[in-house]
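The chains referred to below are lettered A, B, ... by the order of the sequence lines, with proteins before strands, and numbering in each begins at 1.
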Amino acid sequence: MALPLAVSAGHGAQVGVLDRARQALRAAEARAGVTAIRGGRGAKGCASSSRLKLRQAALSQLADAVAPRFVPGTVAQVTGSTAALWAVAGAVMGSEDWCAVAGLPGAGLLAAESAGLVLSRTVLVPQWGDRPPRVLAALVDAYGLVVAGGLKLTAGDMRRIEARLRFTQGRLVVAGRWTLAPVVVDVKQLITAALGENQRPVGEPLVDADLVLKGGFGNGID
Amino acid sequence: MALIDHLLVAQTQDGLGEGAAASPPKRRLLAVWIPDWPAAAAIKVGAAPTDQPVVVADARRVKAVSAPARAAGVRRGMKRRTASSLCPTAVIVASDLTRDAQVFEEVAILVHSLVPGVELLRPGLLLCPAVYASRYHGSDEALMEHLLTEVAANTGVESWVGVADGLLAAILAARDGLAIPPGESPDYLAGRPLRDLGVALQGTAHGEDLDVLMDLLGRLGIRTLGDFASLPTHNVTERFGSLGVWAQRLVRAEDVVPQAGHRLPQEFNTWVDLDPPLNRLELVQPVAARLAEELHTMLVAHGQTYDRLRIRATTETCEQLERTWRLEGVDSNGVADRVRWQLEGWLNGRSGLAPSGPLTRLMLEAEEVHPAGVGSTRLWGAGSNHAAVRAVRGADRVHTILGGQGVYQPVAQGGRDPRERIRLVGWGDETIPLRPSDRPWPGAIPDPPPSLVPAQPPAVELTDPQGQAIEVNSALELSGCPTRLGRNRIKGWAGPWPVVEQWWSRQAKRCVYLQVQVEADNRERAALLACEGGRWRLEGLYD
């Protein structure tokens with residue numbers, strides 16, 4: 001997502017580059033099904049976050065909206081849907097990354113594979129044991145992508161894990177609350193096609209979700 | 001998430017693992033072993049007299065001894081001073097791997113002329129595929145006798161020959177001069193003392209680490225190879241890491257070979273045209289190191305590793321020279337060493353078959369290529385890929401923290417329901433699917449699969465409009481229309497999918513699957529239910 005922000009032609013040219021970047025991201029978000037946008041402003045005129053609302057969007061659209069903002073070294077919080085959790089994880093698993101799924105003994109790994117996780121490069125740690133922070137730290141040190149659930153960490157532990165993530169440039173997807181996560185996906189409703197009596201089986205679901213995406217580039221940057 | 005939390009709380013990790021992995025295919029190998037080869041090589045090149053005991057040693061320790069020196073009590077691993085005191089008449093010769101490899105080329109050429117497919121494991125020990133050669137000679141014993149006679153007659157050294165399944169069994173069978181019938185190698189190995197592992201694999205890159213491993217096993221009360229083989233793999237992984245797993249596979253005669261039908265995505269080779277042509281030994285080292293490094297870099301870039309190295313050379317007169325080395329526990333520097341040994345062996349002409357001219361082209365080819373981290377050997381550690389190496393170390397670390405049954409590897413396999421389509425293998429065990437996934441599997445639950453699959457599926461109550469429990473008759477039909485799942489109203493349902501599997505066996509399965517859509521916690525949820533033995537259970541959630 002590195003955009004050519006540094007230009008030598010002066011302030012006017014810089015604005016032109018940003019405009020083009022903004023337009024490209026607007027188009028991408030529109031394609032992803034974003035129907036409402038509120039950009040929060042940070043200091044000195046730079047927006048610190050974007051709030052997106054997806055309505056009846058496919059999981060792939062949700063993943064497309066999240067993936068550009070979910071940069072290495074950060075945490076994504078996903079609540080309300082395990083399918084959305086797999087979609088976000090699958091969208092950011094690189095071609096050489098290894099993934100650890102931890103604290104999710106009921107993980108539907110077949111669904112995870114359908115969402116993009118490569119099982120041959122995935123390990124499962126069903127339980128955290130007595131010392132979850134130690135296990136999570138070991139996983140964050142070794143894996144490019146960690147999908148974690150059932151965590152109860154102190155704020156201090158979270159900060160230490162975030163520091164390790166910044167160092168290793170890994171990604172952590174958390175099923176549950178994570179204070180100050182830069183990417184927050186809150187699925188309000190998972191809509192499966194209505195099953196009639198003895199009718200067609202469950203199909204690909206749609207989601208209603210609220211997204212908070214902090215940092216990076218996007219519509220929130222003015 | 002309340003319903004999900006309820007489900008997850010009820011789950012334990014019991015039942016996640018499955019039975020032992022299916023046995024991988026085994027290779028039938030013939031091993032030709034020249035005992036005390038460093039001493040024999042020193043005598044052959046005139047570095048030691050033929051009529052006195054010979055001890056080959058580096059600056060500190062004894063590396064090899066001749067039979068008379070052994071009779072005087074000198075053993076490998078002793079200090080030089082101790083060896084001298086035990087056998088004052090012994091001639092101590094400096095250890096020289098290059099000399100050993102050069103002289104051994106003569107034996108390799110001879111064996112190659114008798115049995116194709118020779119692989120050098122180390123100077124003094126070579127392996128060949130045995131199946132077709134034994135068939136040609138009529139039996140394993142006839143092949144062994146033929147080789148013994150030919151090697152002694154043409155090279156003047158006494159060799160020991162054996163045939164067995166797998167690398168370790170073949171080497172030890174050579175020491176015993178035995179042909180172990182197919183399938184009996186694990187039994188043959190089981191009763192042998194643990195030290196045989198180190199004796200057989202001395203000289204590989206794992207040598208010193210193996211000594212430490214065996215010392216540790218001995219202190220833990222493991223006395224025989226059978227004791228070591230019977231340890232659960234996940235415990236070995238947890239305690240001894242990848243070296244322990246590698247050693248245990250050898251002890252179980254489970255040398256993994258590439259699966260039949262596995263095709264290489266591309267050929268991995270590298271070559272150099274030698275201009276001017278190579279005919280001087282001192283120029284060999286940089287060429288060998290450069291080519292070995294190029295091949296290593298190429299494989300790392302593709303996330304691959306390999307178990308065999310084929311070295312090819314072409315002379316000015318278009319003569320083709322070729323030799324294969326097995327890379328058992330050899331790192332990238334070891335590969336360069338083997339290339340150098342081979343080139344020097346060809347160029348100095350000690351084999352009696354010097355090349356017809358200087359070398360004009362040199363090519364290295366990687367064989368038995370497989371993805372990093374899944375092979376039988378640990379060529380570059382656990383795999384060429386840095387991410388894979390990190391991941392393996394991380395899993396080992398977590399395994400150590402959590403203990404047994406803490407880390408699993410998922411393997412996709414064939415099946416009809418989401419649970420049986422994923423096999424969870426304990427960390428360190430073979431990741432082999434138990435059922436092929438490329439079959440049609442008629443009656444399988446249609447995709448998408450549920451995103452949550454409880455490890456211990458909770459029992460649920462499914463009722464019809466009259467409040468009667470829904471039952472399944474002998475024809476696998478429902479007794480009524482599902483209306484409620486517990487206290488939650490069912491808005492719609494799909495199915496049922498009857499599954500009858502292996503009705504002829506004790507593992508017979510008669511089950512009916514049903515998808516339902518319910519309202520719970522002001523949200524709609526879809527769930528996969530299963531009925532087996534008259535009881536309904538929650539098999540998965542589309543959450």
Side-chain angles (χ1 to χ4, degrees), chain A residues 79-86 94 96-102 104-115 119-129 131 134-135 138-144 149-150 175-176 188-192 194-205, chain B residues 1 4 7-8 11-13 16 303 371 374 385-388 390-395 397-398 401-403 405-412 418 421-422 424 427 431 445-455 481 491-496 515-517 523-526 528 540-543:
Chain A
T79 52
S81 166
T82 313
L85 182 78
W86 299 136
E96 293 185 353
D97 280 346
W98 279 67
C99 173
V101 178
L104 293 166
L109 292 172
L110 208 56
E113 186 184 36
S114 303
L119 293 190
S120 60
R121 298 200 307 270
T122 298
V123 299
L124 177 67
V125 182
Q127 308 289 348
W128 290 111
R131 301 176 66 182
R134 191 173 167 203
V135 174
L139 294 175
V140 163
D141 284 348
Y143 290 84
K188 300 295 184 186
Q189 181 77 351
L190 189 87
I191 307 152
T192 51
L195 298 174
E197 183 176 323
N198 200 7
Q199 295 295 311
R200 60 182 178 175
V202 168
E204 293 294 339
Chain B
M1 300 282 278
I4 301 164
L7 292 176
L8 294 182
Q11 294 158 11
T12 67
Q13 56 189 356
L16 282 169
V374 301
N385 190 320
H386 178 61
R390 270 179 59 199
V392 170
R393 286 178 184 160
R397 190 173 158 201
V398 173
I401 296 171
L402 295 177
Q405 312 298 306
V407 184
Y408 294 88
Q409 293 171 279
V411 183
R421 286 172 65 186
I422 293 289
L424 293 176
W427 178 248
T431 52
I445 310 301
D447 284 339
S451 54
L452 274 174
V453 180
C481 175
K491 291 185 64 180
W493 56 280
Q515 285 179 338
V516 297
Q517 195 171 27
R523 291 178 59 168
E524 289 183 2
R525 297 172 188 278
L528 177 67
L541 274 177
Y542 299 88
D543 174 69

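The choice from A:V123, A:L110, A:T122 that makes the most heavy-atom pairs within less than 4.5 Å of chain B is A:L110. Counting heavy-atom pairs closer than 4.5 Å to chain B, the top residue among A:G108, A:G144, A:C99 is A:G108. Most heavy-atom pairs under 4.5 Å with chain B, from the set A:V101, A:L190, A:D97: that is A:L190. Among A:G150, A:A142, A:G149, the residue making the largest number of heavy-atom pairs under 4.5 Å with chain B is A:A142. The most heavy-atom pairs under 4.5 Å with chain A, out of B:A412, B:P448, B:P418, come from B:P448.
Scored by the side chain to side chain contact (heavy atoms under 4.5 Å, CB included) test, A:A84 finds A:L59, A:L62, A:V78, A:S81, A:V187 as partners (sequence neighbours excluded). Remark: A:D141 pairs with A:R164, B:R397 by the side chain to side chain donor-acceptor pair (under 3.5 Å) rule, at least two apart or across chains.
Of the atoms belonging to A:A112, not a single heavy atom falls under 4.5 Å from chain B. Of the atoms belonging to B:P446, it is side-chain heavy atoms, and not backbone ones, that fall under 4.5 Å from chain A.
Side chain of A:W128 to backbone of A:R134: no donor-acceptor contact under 3.5 angstrom is found.
Of all heavy-atom pairs spanning A:L109 and B:P410, the tightest one is CD1-CB, 3.6 Å. Nearest approach of A:W86 to A:A115, heavy atoms of both residues: O-CB, 3.4 Å. Here the closest non-hydrogen pair linking A:P105 and A:P126 is CD-O, 3.5 Å.
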